[in-house]
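Data block below; observations after.
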Amino acid sequence: MRQLGTSIIKEILILIRDRAGLAIIFIMPMILIFVMALIQDSTFRKMDETSLSVLFIDEDCDSVGLAIAQGLSKSEMIILEKTYKGKILNRETLIRLVTEGKFQIGIIVPPGATENLTVKAEYMIDKAFEEEDFPVAEPEIDSSIIILYFDPVIKHSFRETMRISLGKLTYGIESKMVFDLFAKKVSELLDIESKLVYDPSGILRLEERSAGNKHTEIIPNSVQHNVPAWAVFAMFFILIPLTGNIIKERQSGSMLRIRLMPGSYWITILAKILIYLFISMIQFTLMLLVGLLILPLFGLPLLDLGKHFFALFVMVVATGLAATGFGLALGAIANTHEQAASFGSVSVIILAALGGIWVPVFAMPEVMQKFSLVSPLNWGLEGFYAIFLRGSGLVDILPWAGLLTAFCILSMAVAFYFLRLKKN
Amino acid sequence: MEEKIAIQIDHISKTYKGSNSPAVDDISLEIPSRARFGLLGPNGAGKTTTINIMCGLLNYNKGNISINGMMLEKKYKKIRRMIGLVPQDIALYDTLTARENLRFIGKMYGLKGKDLKNRIEESLEMVGLAHTGHKQIRTYSGGMKRRINLVAGILHQPEILILDEPTAGVDVQSRNMILQFLHGLNEKGTTIIYTSHYLEEAEDLCSSIAIIDHGKVIITGETKEIIGSKKEYTDLESVFLHLTGRRLRD
């Protein structure tokens with residue numbers, strides 16, 4: 001134990017005197033989180049938030065136009081704009097604004113839409129109660145076409161959502177009008193006051209329920225993505241100082257001296273593992289503090305840590321172990337610091353890209369989503385996502401923590417193999 | 001009285017993985033206790049490999065080694081406390097001070113408290129570095145680094161001190177100091193095993209030598225006896241050149 005303590009003190013002294021290494025370990029990732037969260041905030045808002053300004057012209061100025069306007073306004077994702085720069089919209093302006101991409105959707109309810117719908121509905125009712133001697137003549141009316149203008153670059157999901165919403169609204173208006181006229185006709189025929197009431201709520205109802213825990217309703221934002229993502233990235237980036245430490249020790253001959261000391265070779269390695277694991281935990285804590293204390297000062301959302309702090313601790317330890325194991329393996333395999341630094345940094349960047357650190361996995365193409373599963377950085381990120389976004393506890397994150405621990409064990413086995421190989 | 005043997009090497013061979021020729025080929029040596037033994041040879045002769053094998057840092061393919069009568073493979077834990085190594089490279093942490101480096105090494109050897117502190121201060125005093133012991137190694141000159149590298153190998157007071165080119169690249173003053181220091185250690189009973197390319201230095205320091213080339217021992221014995229064995233041998237350098245040739249080595 002004394003030897004372990006001595007080795008740990010030695011590692012701490014070496015670390016605190018390596019200013020470049022400290023900057024890589026602590027300061028760079030904090031800056032990275034700060035910058036990336038700010039840069040990606042608007043992108044995440046677009047992905048996360050569902051509100052969209054929609055240009056709206058009601059040329060009908062009657063029930064249909066009014067019902068569509070009211071119906072769309074009820075939706076949280078739609079903000080109706082009937083004016084532009086203080087002026088009432090006209091068709092030309094609407095088309096121009098959508099064409100120029102200033103607005104992504106424009107809706108025009110044509111004149112006479114209510115009248116046409118009423119005439120058509122009355123014809124349908126009259127036709128239903130038609131007597132042979134008094135045939136009902138079909139009225140000569142044109143279809144009222146509600147026009148939707150779309151910016152070609154609009155997301156397909158928004159386009160579909162708008163089309164479905166409008167379809168549902170017009171269908172509801174038509175149904176209500178037909179029902180009301182039917183009720184009126186029945187009332188006339190039976191000479192009684194109609195008690196039929198149109199109830200659009202229906203018998204078949206749709207209810208949305210979350211598949212996860214209570215925290216599922218938290219919508220991911222740039223902070224909730226960037227803080228865990230770049231914290232995982234930073235934790236894996238400790239392989240640069242770690243491999244540098246191992247290679248320098250080997251090249252300087254210190255490792256040779258250490259191997260001659262009684263029982264100290266593996267103790268020295270264990271000291272490195274413990275120190276870098278501890279560093280990764282401090283790193284993660286600092287990253288969280290950036291998310292909790294600094295980012296909100298710049299108008300970014302507050303980081304939500306969930307409720308399961310022990311699960312969080314387990315994930316941090318598992319991720320730190322995986323990162324340390326990877327660094328140890330690379331330090332054992334590489335012959336020079338240049339080899340380790342270039343391969344290490346590039347490999348972490350590739351694994352980060354695959355793992356959803358740069359671009360979240362859900363925004364990746366389907367093929368790449370499958371590839372993301374091979375990245376240990378993805379395992380770390382998914383574990384933190386589970387705790388922060390889904391409110392998952394220890395049991396839920398165990399698969400991710402298990403994968404990371406297995407990766408650590410595999411990496412250390414590789415490291416020990418190469419350390420022994422190089423010994424001979 | 002029978003002479004005590006510090007290191008007995010019997011028919012040791014070592015071939016590195018991926019190499020066709022052995023780095024050490026059937027070497028046998030007997031180094032008496034309290035000797036100042038020079039292991040000499042041109043570049044690539046197998047000196048460092050032999051030293052690493054003696055220290056138990058490198059496995060060998062065949063043969064036997066015993067240190068102070070104990071088989072190296074069987075009693076390695078005990079044996080390695082008896083050995084001090086001064087590697088060819090400056091095997092120290094350059095961002096730690098001299099005292100911090102020595103404290104780390106001393107504690108790893110189980111030294112502690114006042115004993116450790118006294119040994120560090122005495123060692124630093126002996127090599128003239130007491131006044132700079134608080135400075136980081138990276139600020140030291142080449143000669144100072146060599147001296148502290150030497151001290152790091154003897155802090156635990158080993159019975160056998162193995163030095164791999166301890167005076168390489170240092171000035172005359174530091175070299176002189178190191179050699180005097182080694183003489184002093186030997187007089188106190190430490191067996192010195194020493195490699196160097198400075199043959200004049202080796203002739204001055206070493207009571208006995210072995211010259212190895214291509215992994216084989218080509219001559220071994222008392223230094224003075226070897227030099228006096230042939231007319232054409234005027235000094236150790238002439239012996240060396242006669243036996244290993246003048247062909248340049250990689």
If only atom types and distance count, is the side chain of B:Arg103 paired as donor or acceptor with the main-chain N or O of A:Thr6 below 3.5 Å?
->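 Pair absent, no side-chain N/O of B:Arg103 close to backbone of A:Thr6.
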Any sub-3.5 Å donor-acceptor pair from A:Arg257's side-chain atoms to B:Leu85's backbone N or O?
->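 Looks like yes, one N/O pair under 3.5 Å.
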At a heavy-atom separation under 4.5 Å, does [X] approach chain A through its side chain, its backbone, both, or neither?
X: B:Gln88; value: neither
X: B:Lys107; value: both
X: B:Leu96; value: both

Identify, with sequence neighbours excluded, every residue that meets ring pair (Phe, Tyr, Trp, His ring centres under 6.0 Å) alongside A:Phe371.
->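 In terms of ring pair (Phe, Tyr, Trp, His ring centres under 6.0 Å), with neighbours along the sequence ignored, A:Phe371 is linked to no residue.
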For A:Phe310, enumerate each residue passing the ring pair (Phe, Tyr, Trp, His ring centres under 6.0 Å) test, keeping only those at least two apart in sequence or located in another chain.
->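 Checked A:Phe310 against ring pair (Phe, Tyr, Trp, His ring centres under 6.0 Å); zero matches.
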Interatomic distance, [X] atom [atom1] to [Y] atom [atom2] [nearest 0.5 angstrom]:
X: B:Phe104; Y: A:Glu11; atom1: CZ; atom2: CD; result: 8.0 Å
X: B:Tyr93; Y: A:Asn245; atom1: OH; atom2: CG; result: 7.5 Å
X: B:Leu92; Y: A:Ser254; atom1: CG; atom2: OG; result: 6.0 Å

Check whether more than 12 heavy atoms from other residues, nucleotides or ligands sit under 6.0 Å from atom [atom1] of [X], and answer yes or no.
X: A:Met28; atom1: CE; result: no
X: A:Phe278; atom1: CZ; result: no
X: A:Phe343; atom1: CZ; result: no
X: B:Glu125; atom1: CD; result: no

Enumerate by number any residue of residues 143-158 of chain B whose heavy atoms lie under 4.5 Å from heavy atoms of chain A; in the absence of such residues, state 'none'.
->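 Under the 4.5 Å heavy-atom cut-off, B:Asn149, B:Ala152, B:Gly153 qualify.
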Heavy-atom closest pair, residues A:Arg259 and B:Tyr76 |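 That would be O-OH, 3.9 Å.
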Pairwise side-chain contact, [X] with [Y], heavy-atom cut-off 4.5 Å (strictly under):
X: B:Asp89; Y: A:Leu256; value: no
X: B:Lys112; Y: A:Arg2; value: yes
X: B:Asn101; Y: A:Lys10; value: no

Show which side-chain atoms of residues 14-23 of chain A pair as donor or acceptor with protein atoms under 3.5 Å away, not counting sequence neighbours.
residue	atom	partner	partner atom	Å
A:Arg17	NH1	B:Thr95	O	2.9
A:Arg17	NH1	B:Glu100	OE1	2.5
A:Arg17	NH2	B:Glu100	OE1	3.3
A:Arg17	NH2	B:Glu100	OE2	2.8
A:Asp18	OD1	A:Gly21	N	3.1

Heavy-atom pairs under 4.5 Å with chain A are the metric here; pick the option from B:Asp94, B:Asn52, B:Val86 that has the most.
->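 Most heavy-atom pairs under 4.5 Å with chain A: B:Asp94.
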